[in-house]
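Below is one structure, written out as structure tokens; the observations come after it.
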Amino acid sequence: MQVLVLNSGSSSIKYRLFEDHVDGLLLRARGLVERIGESTGRAEQVVIAHDGTTSEEVDDAPIPDHAAGFRWIVSRLEDAGLADDLGAIGHRVVHGGSEFTAPTVIDEAVIARIEDQVPLAPLHNPANLTGIEVARELRPDLTNVAVFDTAFHGTLPPAAYRYAVPDRLLAEQGVRRYGFHGTSHAYVARRAAAALGRPEEELKLVTLHLGNGASAAAVDGGRSVETSMGLSPLEGLVMGTRSGDLDPAVIFHLIREAGMSPAEVERVLNRESGLLGLCGDNDLRTIEERAAGGDEAAQLALDVYVHRIRKYLGAYAAVLGRLDAVVFTAGVGENSDTLRAAICADLEVLGVRLDAARNDGLRASKAPDGIAAVHADDSEVAVLVVATDEEREIAEQTLLAVRS
Ligand code: ADP
């Protein structure tokens, strides 16, 4: 059987096709349809043969809507002989609210319940729903499964998920912390446990997903017990364009004193803040180059970014009561040795000691099985770099849901 994984955005669909093989899931194709609804589209597919050789196809014909994008994907997979045994589609859905804490086979009732979560994730869930509707309409023969970014954090205890606000705001508006990037945190926590050769049940980990969006999670015995994102992905760490934590009074101040509308404040905090707001760039590679050349704004952006992560590391060590490993993942965590070194510098208080030679130049994608240890032999806490693979995890979860 083959499983198609779809990540539908407002103007794009990213996808991967996995073959369920005796040796585990094999990646057979990956691709992207973007600029949906624009005058020129862009679609590409890379097919991976069993011997590892790849062939690529690129198309720039306009893609009027998501339905056309979905048809492009399925027809290219058919041309490649990869859709004969397609059994299920796994959809990434950003917000599952308190409703969904496990992968869920989609039917009309589930769609209605995902729609109920839209007010909590107006920037993400509508596009995810469009992908689901198109897939169901065009391929009613397939089982569709929703895999939620929030699900892994369904184990947060009330002390971690409650904001200190009146009960009615939770009861009526769903105001609480949910957490995101759960698929990635779950995947790298499991990989880390396997690499350490210990059962996940006995490990206390902090996982750092540092990409364009960024979040930290405290994982105790395989269960998420604390995470840095909250009601929305805005809370927590400094991100490419999101502010992360700030005093909520900043928002009232801007509305009252600067005459900004709530929508403007929302845009500034989501799209013009973070690294971009601090130094004018949001790509970490560019910022590191600027800082290395003596650029003060770039250095300040890195300092704020690193300081925030270290603050969370200390807090999560306290939440967990012991720390067995720190796990770095996603674009920055997997690739930037300098950022990992800055985050782990002088952390003996937590039992963390990096090994400079192991860390220097290390990139997760180049490590065997996408995983490497970069701590010193005498470090009490392991420091691991793990290549995340959210699509593979979605495919695995999809198969689990289909079979249960
Ligand atoms: P997304 O959240 O969009 O999936 P990614 O996980 O791809 O993001 O991470 C994107 C971030 O990773 C960017 O800030 C990029 O600069 C950074 N990154 C990627 N490669 C490197 C590298 N070699 N060194 C430093 N940062 C990197």
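Counting convention: from 1, in listed order, for ligands and their atoms alike. Note that the structure is a prediction, hence the values are computed from the model and not measured.
A donor-acceptor contact shorter than 3.5 Å links the side chain of Arg28 to the backbone of Ile48. With hydrogens and angles ignored, the 3.5 Å screen pairs no side-chain donor or acceptor of Asn359 with any backbone N or O of Asp355. One N or O on the side chain of Arg191 and one on the backbone of Asp369 form a donor-acceptor pair closer than 3.5 Å.
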Could you list the donor-acceptor pairs under 3.5 angstrom formed between side-chain atoms of residues 139-155 and any protein atom two or more places apart in sequence or on another chain?
from	atom 1	to	atom 2	distance (Å)
Arg139	NE	Asp141	OD1	3.0
Arg139	NE	Asp141	OD2	3.4
Arg139	NH2	Asp141	OD2	2.9
Asn144	OD1	His91	NE2	2.7
Asn144	ND2	Leu142	O	3.4
Asp149	OD1	Arg92	NE	3.1
Asp149	OD2	Arg92	NE	3.4
Asp149	OD2	Arg92	NH2	2.5
Thr150	OG1	Gly96	N	2.9
His153	ND1	Ser224	OG	2.7
His153	NE2	Phe180	O	2.9
Thr155	OG1	Phe152	O	3.4
Thr155	OG1	Ser224	N	3.2
Thr155	OG1	Ser224	O	2.7

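Summarising the geometry, atom CD belonging to Glu57 is positioned 7.0 Å from atom CG belonging to Asp79; distances are rounded to the nearest 0.5 Å.
Nearest approach of Tyr312 to Ser228, heavy atoms of both residues: CE2-CB, 3.5 Å.
Around ligand 1, the residues contributing at least one heavy atom under 4.0 Å from the ligand are Gly211, Asn212, Gly213, Asn282, Asp283, Leu284, Arg285, Glu288, Ala330, Gly331, Val332, Asn335, Ser336, Arg363.
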